[in-house]
**Q** 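I'd like to ask some things about the structure below.
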2 protein chains.
Amino acid sequence: MATTPPLDSYDRQLLALVQDDCRLSQAELGARVHLSAAAVNRRLKRLSDDGVIERFSAQVRPDALGYPLTIVVEVQVENERIDLLDAVTQSFLRCPFVQQCYYVAGECDFVLIFAVRDMDHYTALTRELFYDSHNVKRFKTLVTMGRLKTGMQVPVAES
Amino acid sequence: MATTPPLDSYDRQLLALVQDDCRLSQAELGARVHLSAAAVNRRLKRLSDDGVIERFSAQVRPDALGYPLTIVVEVQVENERIDLLDAVTQSFLRCPFVQQCYYVAGECDFVLIFAVRDMDHYTALTRELFYDSHNVKRFKTLVTMGRLKTGMQVPVAES
DNA sequence: CGTGAAAATGGGATTAA
DNA sequence: TTAATCCCATTTTCACG
């Protein structure tokens, strides 16, 4: 899973298409990039085996499942000792309402993105994840009023 | 596409599975949730017709495509007049390196998440998107050192 | 990489409950 | 009405050229 894949133009075209709709048939993909279905199959298999494609997933609208509120949070920890850092990290990752978690350099240490039912729900989670942890110095809550762009569409320019 | 879908337990189970891997065959899904393949087919169709499932997509590792650096940015605008706000919004959404864009309440106005080649690349984008816009008062850059969780896995608890 | 055949899957119609 | 069974068109996938 290390170094091998120098993606060629076909790979990039396929990735662009498949990022947008991974249900296109391999024949259809082949037609669009001028390749046989078999070739498309082989490339797609290689791309997912190599981990270039992390996974094929259905993207669900969170509000359809009862989580209409997206909240961005900056978290600063008290103590950056590795084991303590690891403990908070794990508690964030375990929480199903933490949709994304980034470890960042600078004054704050984490950026989290929550999908929650409502403010009460979020408040309960802050208690659980921040106050009870005893290693969160401060956190800053940014309530979103619009998820303007959420796709993970990665640009596929030439190398 | 409005109100109809009271998701039952089967729907939620299917969504949980399909969020993680939308290439599971309908037979396989049926086996896991104790439903026939045909029933799975109908439910999945309804869920995507209703917009509960936004789309089926392949998630690509950005660094495989040459964008190893993830950067979170808080942006505060100068003037919140609706047309000016709309102009900056559009410029953010048009930028392919802006992977996510949230409109937030409070002191700052937007949170952006970039996928870029390196710091030079990011610097060039800040010039283009922030300095040249004349409506960005200030922005705060948070350089990430780890994308610890990026999935949009929506929890599927009972209603 | 492309071709073609074999295997698997998708998705509709029909029947049963 | 909803699910299970069957059936055929489509798709995937493999061996070979």
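All chains are named by letter (A, B, ...) in the order of the sequence lines, taking the proteins before the strands, and each is independently numbered beginning at 1. The shown structure was predicted, so the numbers you read here are calculated from the model rather than taken from an experiment.
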**Q** A:Ala39 has a side chain; which of C:dG2, C:dG10, D:dT5 sits nearest to it?
**A** C:dG2

**Q** Once you round it to whole Å, what is the distance between P of D:dT1 and OH of B:Tyr10?
**A** 19 Å

**Q** Parallel, tilted or perpendicular: which describes the rings of B:Phe130 and B:Phe92, with under 30° parallel and over 60° perpendicular?
**A**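 Aromatic pair B:Phe130/B:Phe92 classed perpendicular.
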
**Q** Looking at B:Ser36, does any N or O in its side chain come under 4.0 Å of the phosphate oxygens OP1/OP2 on D:dA4?
**A** yes

**Q** Nearest to the side chain of A:Ala38, which nucleotide is it out of D:dT12, D:dA4, D:dT13?
**A**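 Comparing D:dT12, D:dA4, D:dT13 against the side chain of A:Ala38, the answer is D:dT13.
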
**Q** To the nearest angstrom, how far is B:Leu44 atom CG from C:dT9 atom P?
**A** 15 Å

**Q** B:Asn41 side chain N/O closer than 4.0 Å to the phosphate oxygens (OP1, OP2) of C:dG11?
**A** yes

**Q** Could you state the atom-to-atom distance from CD of B:Gln26 to C1' of D:dA3 in whole Å?
**A** 14 Å

**Q** What is the distance, to the nearest angstrom, from the CD atom on A:Glu28 to the C1' atom on D:dA9?
**A** 17 Å

**Q** Quick check: do A:Leu47 and A:Leu7 have side-chain heavy atoms less than 4.5 Å from each other?
**A** yes

**Q** Decide yes or no for A:Asp8 and A:Arg43: does some side-chain heavy atom of the first lie under 4.5 Å from some side-chain heavy atom of the second?
**A**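 Counting from C-beta outward, A:Asp8 and A:Arg43 do come under 4.5 Å.
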
**Q** Which part of the nucleic acid does A:Arg43 contact within heavy-atom distance under 4.0 Å: base, sugar-phosphate only, or nothing?
**A**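 Contact class for A:Arg43: sugar-phosphate only.
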
**Q** B:His34 NE2 to D:dT2 P: how many Å, rounded?
**A**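 Distance check: B:His34 NE2 to D:dT2 P gives 21 Å.
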
**Q** Which of parallel (below 30°), tilted (30 to 60°) and perpendicular (above 60°) describes A:His121 and A:Phe97?
**A**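 Geometry flag for A:Phe97 against A:His121: perpendicular rings.
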
**Q** Round to the nearest Å and state the distance from B:Leu29 atom CG to D:dA3 atom C1'.
**A** 16 Å

**Q** In the structure I gave you, are the side-chain heavy atoms of B:Leu148 and A:Phe110 within less than 4.5 Å of one another anywhere?
**A** yes

**Q** Rounded to the nearest angstrom, tell me the gap between atom CZ in B:Arg23 and atom C1' in C:dT9.
**A** 12 Å

**Q** Can you measure B:Asp8 atom CG to D:dA3 atom C1' for me and round it to whole angstrom units?
**A** 13 Å

**Q** Would you state whether a donor and an acceptor, one from the side chain of A:Arg42 and one from the base of C:dG2, lie under 3.5 Å apart?
**A**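 Check passes, donor-acceptor contact within cut-off.
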
